[in-house]
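A quick note: this is a predicted structure, and the numbers were derived from the prediction, not measured. Each chain gets a letter, A, B and so on, in the order its sequence line appears, and its residues count up from 1.
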There are 2 protein chains.
Amino acid sequence: MKNPIADLNKIFDSRIRLGVMSVLVVNDEIGFNDLKQMLELTDGNLASHLNTLEQADFIKVHKGFIGRKTSTTYSITELGKQAFKAHLDALEKMIKKL
Amino acid sequence: MKNPIADLNKIFDSRIRLGVMSVLVVNDEIGFNDLKQMLELTDGNLASHLNTLEQADFIKVHKGFIGRKTSTTYSITELGKQAFKAHLDALEKMIKKL
DNA sequence: TATTTAACTTTGAAAAACAAAGCACTTTTA
DNA sequence: TAAAAGTGCTTTGTTTTTCAAAGTTAAATA
């Protein structure tokens, strides 16, 4: 039997980053505050996980305005999509044996 | 939109514990060394994760003998099966939106 | 008898997660 | 117009988690 966890992506061990990605897969763009409320996180905690995801080039940040108010939104990158899909495939392989 | 990560079980955030459970779902019983080799872990690391799983009553330990040599094996409990399934369901719900 | 193996426990270090506070900027409210 | 509040962070420091390495006990083997 092969090591079943070898293909899991370490970045997605975190439930929060997993949550962010799963939200971004279905929402083209989402704001900082929406994410914060959805995942029930403090600012700092969310910001640092978003940062990890951005460092990995799995998400992109968009700084813009709504009217004249600043607004930061996030979206998934192609690389992020691929990595997330690969992770899910690895997960599925692990558990499909059920 | 509801918090997508609220129903994930914290115990299964760890890839290693996830791996142990996925192995135990398909193998009625497995030995310490087999697990160790399969998941490519050091003794101490595996032992501590097994301990966490045992504390939660998700796995059971069987101390026995092969001939007169000790042999420790592990199996999943009913509670463990339920918790693992619930976790997988929560995961699936998160990503089925794909 | 010396070495090896199994299955741990203990120790300690490194990494990760997290909350809280601070901050720069803008907008809203009194 | 002065104070309050919101946005999106960064910084700081604590707590939690992870992990490797070494030590341990008992039995097996050479």
Side-chain angles (χ1 to χ4, degrees), chain A residues 3-6 8-24 27 29-56 58-75 83 87, chain B residues 3-6 8-24 27 29-56 58-75 83 87:
Chain A
N3 182 348
I5 63 183
L8 295 176
N9 192 325
K10 269 228 166 100
I11 287 196
F12 302 132
D13 278 1
S14 152
R15 70 209 287 97
I16 293 176
R17 292 191 294 266
L18 204 61
V20 169
M21 293 303 279
S22 89
V23 168
L24 285 184
N27 297 281
E29 244 181 327
I30 191 160
F32 185 88
N33 262 305
D34 291 340
L35 260 181
K36 187 180 118 183
Q37 277 158 35
M38 202 178 292
L39 303 178
E40 298 170 57
L41 302 171
T42 55
D43 289 12
N45 196 4
L46 175 56
S48 76
H49 283 293
L50 287 174
N51 198 49
T52 300
L53 253 13
E54 202 196 343
Q55 294 302 91
F58 288 176
I59 66 173
K60 248 191 326 249
V61 185
H62 314 270
K63 307 242 175 209
F65 292 88
I66 295 179
R68 277 172 45 204
K69 197 168 158 184
T70 57
S71 140
T72 309
T73 61
Y74 301 86
S75 64
H87 181 78
Chain B
N3 182 346
I5 63 181
L8 295 176
N9 192 323
K10 266 223 168 108
I11 287 197
F12 302 132
D13 278 3
S14 152
R15 72 211 282 99
I16 292 176
R17 293 192 294 267
L18 204 63
V20 170
M21 294 302 279
S22 90
V23 168
L24 285 183
N27 297 281
E29 244 181 326
I30 192 160
F32 185 89
N33 260 305
D34 291 340
L35 261 181
K36 187 181 119 182
Q37 277 158 36
M38 202 178 291
L39 302 178
E40 298 171 58
L41 302 170
T42 55
D43 289 10
N45 195 5
L46 176 56
S48 75
H49 284 292
L50 288 173
N51 197 48
T52 300
L53 254 12
E54 202 196 343
Q55 294 303 91
F58 288 177
I59 66 172
K60 249 191 327 253
V61 185
H62 314 271
K63 306 244 175 205
F65 292 88
I66 294 178
R68 277 173 46 206
K69 195 167 160 187
T70 58
S71 140
T72 308
T73 61
Y74 302 85
S75 65
H87 181 78

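Atom-to-atom, CD of B:Glu54 to C1' of C:dT9 comes out at 14 Å; the value is rounded to the nearest Å. Atom pair A:Leu46:CG and C:dA16:P shows a separation of 18 Å (rounding to whole Å applied). The CZ atom of A:Phe32 sits 11 Å away from the C1' atom of D:dT10 (whole-angstrom rounding). A straight line from NZ of A:Lys63 to P of C:dA24 spans 16 Å, rounded to a whole angstrom. Atom CD1 of B:Ile11 is separated from atom P of D:dT16 by 16 Å (rounded to the nearest Å). Between B:Lys36 atom NZ and D:dC19 atom P there is a gap of 16 Å when expressed in whole angstrom units. Going from atom CD of B:Gln55 over to atom P of D:dT16 covers 17 Å, rounded to whole Å. B:Asp34 places its CG atom 16 Å from the P atom of C:dT5, with the value rounded to the nearest Å.
With contacts defined as side-chain heavy-atom distances shorter than 4.5 Å, the pair A:Met21/A:Ile59 qualifies. B:Leu50 is listed as a side-chain neighbour of B:Phe32, based on a closest heavy-atom distance under 4.5 Å. With a 4.5 Å cut-off on side-chain heavy atoms, B:Met38 and A:Asn3 do not count as touching. Under the 4.5 Å side-chain criterion, counting only non-hydrogen atoms from C-beta, B:Leu18 is in contact with B:His87.
Residues satisfying the side chain to side chain contact (heavy atoms under 4.5 Å, CB included) criterion with A:Asn33, sequence neighbours excluded, are A:Lys36, A:Gln37.
Comparing the helix axis at one end of the helix from C:dT1-D:dA30 to C:dA30-D:dT1 with that at the other, each defined from 5 consecutive pairs, gives an inter-axis angle of 0° (nearest 10°).
The side chain of A:Asn33 contributes an N or O atom lying less than 4.0 Å from OP1 or OP2 of D:dG8. Residue A:Thr72 places at least one side-chain N or O closer than 4.0 Å to OP1 or OP2 of D:dC9. Between B:Tyr74 and the phosphate of C:dA7, there is no side-chain N or O to OP1/OP2 separation shorter than 4.0 Å.
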So which protein N/O to nucleotides 17-21 of chain C N/O distances come out below 3.5 Å?
residue: C:dA17; atom: OP2; partner: A:Arg17; partner atom: NH1; Å: 3.2
residue: C:dC18; atom: O5'; partner: A:Asn45; partner atom: ND2; Å: 3.4
residue: C:dA19; atom: OP2; partner: A:Thr42; partner atom: OG1; Å: 3.1

